Engineer: 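After the structure tokens below, expect a handful of questions from me.
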Amino acid sequence: MSETVRVRFAPSPTGYLHVGGARTALYNYLFAKNKGGTFILRIEDTDLERSTDESLRMQLSDLQWLGLSWDEGIDPDTLEDQGEYGPYRQSQRLEIYRKYCDELLSKGLAYYDFRTDEELEKIKQASEKFTRIPRPDNILPFEEAQKKVREGVPAAVRFKVDGKEDHVIEDLVRGEVRLPEDMVSDFILMRSNGMPVYNFCCAIDDALMEITHVFRAEEHLSNTLRQKMIYEALGFKLPQFGHLSLILGADKQKLSKRHGATSCNQYRETGYLPQALLNFVALLGWSPGNDQEILSEEELMEKFDGTRLHTAGAVFDQEKFKWMNSVHLRALENQKLWNHLKPLFEKENISLPENEDFIHKSLEIFKPKMETLADAPELFRPIDGKLFEVTEEADEVIAWETTPEVFNAWEEELKKHHNMYLTPEEFDEAQNHVKEKVGVKGKQLFMPIRVAVIGKPHGADLKSLVPLIERESLIARVKQCRGDK
RNA sequence: GUCCCUAUCGUCUAGAGGCCUAGGACACGUCCCUUUCACGGACGAGACACGGGUUCGACUCCCGUUGGGGACGCCA
């Protein structure tokens, strides 16, 4: 009895995927998964000026990175259609729009508008409190207008917004939303260059692709009114809409570039995990209804059924996102985490042992200190002897009266051993010997040693850290700290 | 300006008339763990925008005010 759920995400390929877009895509994806439905990717590329294949590929790559795979749409590599309802790129559906446009034109539900940009601009300037574009004084009869168009006179096609009735939309998020029809003016269906415009394509495609539910941002509310009119004029069945609250910046304005990082790609490049981004944006405007905040994709799928969506906007809190990323990062299996980290080490020219033992031990020490993947190079750099350097932070410690003695004693201890690495026990023993010999304890003791190991007074626990570094390298480091040549 | 949407700690949120002296999380503060830094743990501070109704009873329902946001494109 219940029809199959078909939802879509319909980005326009202009730049990277925005986090708001990621959330919209996620909700639609989760809803499809939750209902056993189909998730469709449609490309809204009718704006020739701004849409590029490069952007398209960037968006597809972002979606893939997030793991939001689609059942119908276009192949991310070949960009070829996949599915029964194609083409899935609006730029390849032009004849379809043309056909429906002619239908509306011939029925008198739409008309050719021969006014130029300049004329329209003049009209806008003329009225003080301009809100809507007025209908032209004399609309040519269809046949006559068509003839003129065929002769090459440019004209846009506008939909006639006549009625004075209110439209009621049963919104999945907001309940009954009443929109007065005169809220919008006669809107464009086809540009004068022959390209159809968003509201028209969207309505036609959603109808033809048999979309059942549309989750999209609140800013589309007035478009929904336009699209409803198109649906009705063409006799299509309206899908269910759910208008999502907006994601806001710290100043409560719609999240945009001036708020800093807003594209998925930026987060990807600064060391965020896709599962963290998904988890975080999922909770911006929706909650599972309990106190659980860390959710896997599977849990999200299971719990997201299109209800419990918030009506008010949500501020994107970078701090909390960072925290959530650190939680997902710590939950990651060591080997998987290492695979994420490897390219970063290579990029920074940090050479590290790659045996299982080292990976496990080092990650156990450094994982709690990482918030993003990008924190790893700083943490691991001191392990690589060739990159060892004494930082300014260490100056104070080096200046302590007893520090040179600690350095010497530490070096002597290291020289007593012969194995490549010290064990944690051997380190303890060595440290105790230094303590007895120099007669210092506490900060006076371990801070100089830490400086001699990683070049700075703060960092990971020495007992776990020292066994990860070659003894020879440790000796070289003390020398360097002491200023030996 | 017009229309639409919206309103619980600084932020994300739980709360669907009595379970609320309003719960959780981030951030913040104190303490514990720790010979540093993190992680972890305990505790603390911190909110129902305001005014009217409805009701025996409102954070929860209705109306208004105020605040915030969005739309008003031959962008999507």
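The structure presented is a predicted model; accordingly, all values stated were derived computationally and were not measured. Just so it is clear: chains get the letters A, B, ... in the order the sequence lines come, proteins before strands, and each one is counted from 1.
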Engineer: So, A/Gln227 and A/Thr224: side-chain donor and acceptor under 3.5 Å apart, yes or no?
Structural biologist: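 No - no donor-acceptor pair under 3.5 Å links their side chains.
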Engineer: Rounded to whole angstrom units, what separation is found between the CZ atom of A/Arg115 and the P atom of B/G73?
Structural biologist: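 After rounding, the gap between these two atoms is 12 Å.
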Engineer: Find the distance A/Arg216:CZ to B/C4:P and express it as a whole number of Å.
Structural biologist: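 In whole Å, B/C4 P lies 19 Å from A/Arg216 CZ.
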Engineer: Quick check on B/U35: is either OP1 or OP2 less than 4.0 Å from any side-chain nitrogen or oxygen of A/Arg450?
Structural biologist: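 So the side-chain polar atoms of A/Arg450 never come under 4.0 Å of the phosphate oxygens OP1 or OP2 of B/U35.
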Engineer: Just checking, any donor-acceptor pair under 3.5 angstrom between side chains of A/Asn325 and A/Thr372?
Structural biologist: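 Short answer, no.
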Engineer: Could you identify which residues of residues 436-449 of chain A place a heavy atom less than 4.0 Å from some atom of RNA chain B, listed by residue number, or say none?
Structural biologist: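 Those residues are A/Gly442, A/Phe446, A/Met447.
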Engineer: Could you check whether A/Tyr88 and A/Asp205, counting side-chain N and O atoms only, form a donor-acceptor pair closer than 3.5 Å?
Structural biologist: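 Short answer, no.
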Engineer: Does one side chain, of A/Arg57 or A/Ser61, offer a donor that lies under 3.5 Å from an acceptor on the other?
Structural biologist: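 Side chains of A/Arg57 and A/Ser61: no pair found under 3.5 Å.
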Engineer: Which nucleotide sits closest to the side chain of A/Leu221: B/A76, B/C4, B/C74?
Structural biologist: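 So the side chain of A/Leu221 is nearest to B/C4.
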Engineer: Taking B/A22 as the reference, what is the distance to B/A47 when you measure between their C1' atoms (whole Å, please)?
Structural biologist: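 Nearest-Å result for B/A47 against B/A22 at atom C1': 9 Å.
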Engineer: A/Met183 CE to B/C3 C1': how many Å, rounded?
Structural biologist: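 After rounding, the reported distance stands at 5 Å.
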Engineer: B/C39 P sits how many Å from A/His458 NE2, rounded?
Structural biologist: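 To the nearest whole Å, that distance equals 15 Å.
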Engineer: Please determine whether a side-chain nitrogen or oxygen atom of A/Arg330 lies at a distance below 4.0 Å from atom OP1 or OP2 of B/C39.
Structural biologist: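 No, A/Arg330 has no side-chain N/O under 4.0 Å of OP1/OP2 on B/C39.
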Engineer: Side chains of A/Asp186 and A/Tyr111 only: does a donor on one sit below 3.5 Å from an acceptor on the other?
Structural biologist: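 Indeed, the side chains of A/Asp186 and A/Tyr111 share at least one donor-acceptor pair under 3.5 Å.
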Engineer: Check whether the side chains of A/Thr307 and A/Asp305 place a donor and an acceptor atom closer than 3.5 Å, and report yes or no.
Structural biologist: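 Side chains of A/Thr307 and A/Asp305: pair found under 3.5 Å.
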Engineer: B/C74 phosphate, OP1 or OP2: any side-chain N/O from A/Arg50 under 4.0 angstrom?
Structural biologist: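 Answer no for this pair, as no side-chain N or O of A/Arg50 is under 4.0 Å from OP1 or OP2.
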Engineer: Could you encode protein contacts along nucleotides 6-17 of chain B as a string, one character per nucleotide from 5' to 3', using B for base contact, S for sugar-phosphate-only contact and - for no contact, with a heavy-atom cut-off of under 4.0 Å?
Structural biologist: SS---SBSSS--
Engineer: Check the pair A/Lys228 / A/Glu232 against salt bridge (Lys or Arg N to Asp or Glu O under 4.0 Å), numbers first and verdict last.
Structural biologist: CA-CA 6 Å; A/Lys228 181 167 184 275; A/Glu232 285 167 357; 3.0 Å; yes
Engineer: OP1 or OP2 of B/C3 less than 4.0 angstrom from a side-chain nitrogen or oxygen of A/Ser222, does that happen here?
Structural biologist: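 The answer is no; no side-chain N or O of A/Ser222 sits under 4.0 Å from OP1 or OP2.
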Engineer: Check whether any side-chain N or O of A/Lys254 sits under 4.0 Å from OP1 or OP2 of B/A71, and answer yes or no.
Structural biologist: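 For B/A71, OP1 or OP2 has a side-chain N or O of A/Lys254 closer than 4.0 Å.
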